Amino acid sequence: MLAGRFIKSSIIYIILGMILGIYMAASQDHSQMPTHAHLNLLGWVTMALMGLIYKNWPIVAEAKLAPLTYWLAHVTVIGLTLGVGLLYAGMPEYEPIAIIAAFIAVFNMALFGFLFFRNS
């Protein structure tokens, strides 16, 4: 079930985000706060909301392209977390990872919106 996969994934991402937050607090180094924010907002909030929407509008979840939004969401979360994390770790040469992931995020949300408006 697509909705359940989204929600289960979001729980994993919030746990990772909390671990990063605890690490930042313990080390008193908050330079990865943008990474923490991207991980929590895209991984936890966005994926959980997408899961809840798919659960409440099952006809949208049954659309042929709906599973693609799940995999693109993972590419987005992992890509932005990695790209932003490396950027804020002082490695600006990895910024293109974040840029590409950001474009994938916009495409994925547009696809999700299209599927919702078309099938609801």
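Just the heavy atoms: all of them, side chains too, but no hydrogens, waters or symmetry mates, feed the values below. Not measured: the values here are computed from a predicted model.
Atoms CD1 and NZ, on Ile7 and Lys55 in that order, are 7.0 Å from each other to the nearest 0.5 Å. Lys8 NZ to Met1 CE: the interatomic distance, rounded to the nearest 0.5 Å, is 8.5 Å. For the atom pair CD1 (Ile78) and CG (Leu16), the distance works out to 9.5 Å, reported to the nearest 0.5 Å. We find the CZ-CD1 distance between Arg118 and Ile59 to be 11.0 Å, quoted to the nearest 0.5 Å.
With a 6.0 Å radius and a threshold of 12 heavy atoms from other residues, nucleotides or ligands, Tyr88 has its OH atom at or below the threshold. When the shell of 6.0 Å around CE of Met91 is examined, it contains more than 12 heavy atoms from other residues, nucleotides or ligands.
In this model, a donor atom of one side chain and an acceptor atom of the other lie less than 3.5 Å apart for Ser9 and Tyr70.
Here the side chain of Gln32 pairs no donor or acceptor atom with the backbone of Met24 at under 3.5 angstrom. Judged purely by atom type and a 3.5 angstrom limit, His36 uses its side chain to pair as donor or acceptor with the backbone of Gly17. A side-chain donor-acceptor contact under 3.5 Å links Asn119 to the backbone of Leu115.
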Could you walk me through whether Asn40 and Val45 pass the side-chain contact (heavy atoms from CB on, under 4.5 Å) check?
CA-CA 7 Å; Asn40 287 338; Val45 176; 5.9 Å; no
Determine whether Leu42 and Leu80 satisfy the following criterion, side-chain contact (heavy atoms from CB on, under 4.5 Å), listing intermediate values before the conclusion.
CA-CA 9 Å; Leu42 289 171; Leu80 272 167; 3.3 Å; yes
Start with the C-alpha distance between His38 and Met33, add both sets of side-chain angles, then the distance that settles side-chain contact (heavy atoms from CB on, under 4.5 Å), and finish with yes or no.
CA-CA 9 Å; His38 281 82; Met33 196 174 296; over 6 Å; no
When you look at Thr69 and Met47, which way does the side-chain contact (heavy atoms from CB on, under 4.5 Å) test go after all the steps?
CA-CA 10 Å; Thr69 64; Met47 288 187 78; over 6 Å; no
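Taking the six-membered ring for Trp and the full ring otherwise, His74 and Tyr13 have centroids separated by under 6.0 Å. Under the 6.0 Å cut-off for aromatic ring centres, Phe114 and Phe107 do not qualify, their centroids lying 6.0 Å or more apart.
Below 30°, between 30° and 60°, or above 60°: for Tyr54 and Phe112 the angle between ring planes is above 60°, a perpendicular geometry.
Counting only heavy atoms from C-beta outward, the side chains of Leu39 and Trp44 never approach each other to under 4.5 Å.
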